[in-house]
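Since the structure comes first, as structure tokens, the remarks are kept for the end.
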Amino acid sequence: MIGENPALTPLLILTLLLCIGLFFFIRASVKERTEEMTFMTKASEEELLPQLQDYFDRRAYQVTALDSQTQKITLEGTVKPSWFLAIFLSFLAALGLLCANLVFSTLWSNFPPILWMAVLLAPAAGLFYWKGAYRTEQVELQVQPLEEPTQTAQNLIAVKAHRDELAEFEKAFHSLLSE
């Protein structure tokens, strides 16, 4: 059937590429994205530490390790998956399977109707995300005084965490921080 219409070959290729992209998009939804950022602040250590402790307490992180030599604090908290993202990924998987079946049924006249039932596998994408996204995240925090304090900064804060957590941290302490 592909030989009858020359437009069907590119359609098949694009459909296969989109299915591959959808697979990797769903798989990437649970990928760990840990990054490290450093910030300078003009706040003193005595002023900064209670604010940091209060911030991480509100975000449900608890101290699991404290290294007094390097002044590094390790915190842990549980990341809960998003209902919206689980439903959205299931919807995308259903749409992708539906479109792939539509293209395959157009290309092959003897396409088995039972393969339309593959659309019922779409909720597995949401379940995959739900199980993979529910995990314990670590945040490493280190506050160090600058050797030569400047007028704009006294301390250096190094934070290693998930990139979404870093964005929230930067938003919460925007007035105190400068990169």
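Under the 4.5 Å side-chain heavy-atom criterion for ILVMFWY residues, no single connected hydrophobic cluster contains both Ile26 and Ile87. Leu97 and Leu115 fall within the same hydrophobic cluster, defined by Ile, Leu, Val, Met, Phe, Trp and Tyr side-chain heavy atoms under 4.5 Å apart, directly or through other members. With hydrophobic clusters built from ILVMFWY side chains whose heavy atoms lie under 4.5 angstrom apart, Ile157 shares a cluster with Leu66. Taking hydrophobic clusters as Ile, Leu, Val, Met, Phe, Trp and Tyr residues chained together by side-chain heavy-atom distances below 4.5 Å, Leu85 shares a cluster with Val30. A single hydrophobic cluster is not seen to contain both Phe91 and Val119; linkage of ILVMFWY side chains at heavy-atom distances under 4.5 Å, directly or through other members, places them apart.
The distance between the ring centers of Trp108 and Phe104 falls below 6.0 angstrom. Phe169 and Phe39 have their aromatic ring centers within a separation under 6.0 angstrom.
Between Ala158 and Thr38, the closest heavy-atom pair is CB-CG2, 3.9 Å. Counting all heavy atoms, side chain and backbone alike, Ala172 lies closest to Tyr55 at CB-CE1, 3.5 Å. Of all non-hydrogen atoms in Ala93 and Ala125, the two that sit nearest each other are CB-CB, 3.8 Å. The two atoms that bring Ala86 and Trp130 nearest to each other are CB-CE3, 4.0 Å, heavy atoms only. Here the closest heavy-atom approach between residue Trp116 and residue Ser105 is recorded as CZ2-OG, 3.6 Å.
With rounding to the nearest 0.5 angstrom, the OG1 atom of Thr41 is 8.5 Å from the CD atom of Gln51. In this structure, the separation between CG on Asp54 and CG on Leu49 is 12.5 Å, given to the nearest 0.5 Å. With rounding to the nearest 0.5 Å, the separation of NE2 in His162 from OG1 in Thr34 is 7.0 Å.
In this view, Arg163 and Arg33, Glu35 satisfy the side chain to side chain contact (heavy atoms under 4.5 Å, CB included) rule, not counting sequence neighbours. Under the side chain to side chain donor-acceptor pair (under 3.5 Å) criterion, Asp164 pairs with no residue, sequence neighbours left out. Partners of Gln53 under the side chain to side chain contact (heavy atoms under 4.5 Å, CB included) rule, at least two apart in sequence or in another chain, are Asp57. Annotation: side chain to side chain contact (heavy atoms under 4.5 Å, CB included) contacts of Leu92 (sequence neighbours excluded): Leu22, Phe25, Phe88. Judged as a side chain to side chain contact (heavy atoms under 4.5 Å, CB included), and not counting sequence neighbours, the contacts of Arg27 are Phe23, Phe24, Phe128.
Sorted by first and then second residue, the side chain to side chain donor-acceptor pair (under 3.5 Å) pairs involving residues 76-96 (not counting sequence neighbours) are Glu76-Gln138.
Residues Tyr134 and Val79 have side chains not in contact (no heavy-atom distance under 4.5 Å, counting atoms from C-beta outward). For the pair Val159/Met37, no side-chain contact is recorded, criterion being any heavy-atom separation below 4.5 Å from C-beta on.
The residues Arg59 and Glu165 are annotated as salt-bridged, a charged nitrogen and a carboxylate oxygen being separated by less than 4.0 angstrom.
No more than 12 heavy-atom neighbours from other residues, nucleotides or ligands sit within 6.0 angstrom of CD on Gln62. No more than 12 heavy atoms of other residues, nucleotides or ligands sit less than 6.0 Å from atom CD1 of Ile114.
Of the possible donor and acceptor atoms, none in the side chain of Asp67 sits under 3.5 Å from a partner among the backbone N and O of Ile73.
Each of Leu16, Leu17, Thr15 was compared with Ile13 under the side-chain contact (heavy atoms from CB on, under 4.5 Å) criterion, and only Leu17 meets it.
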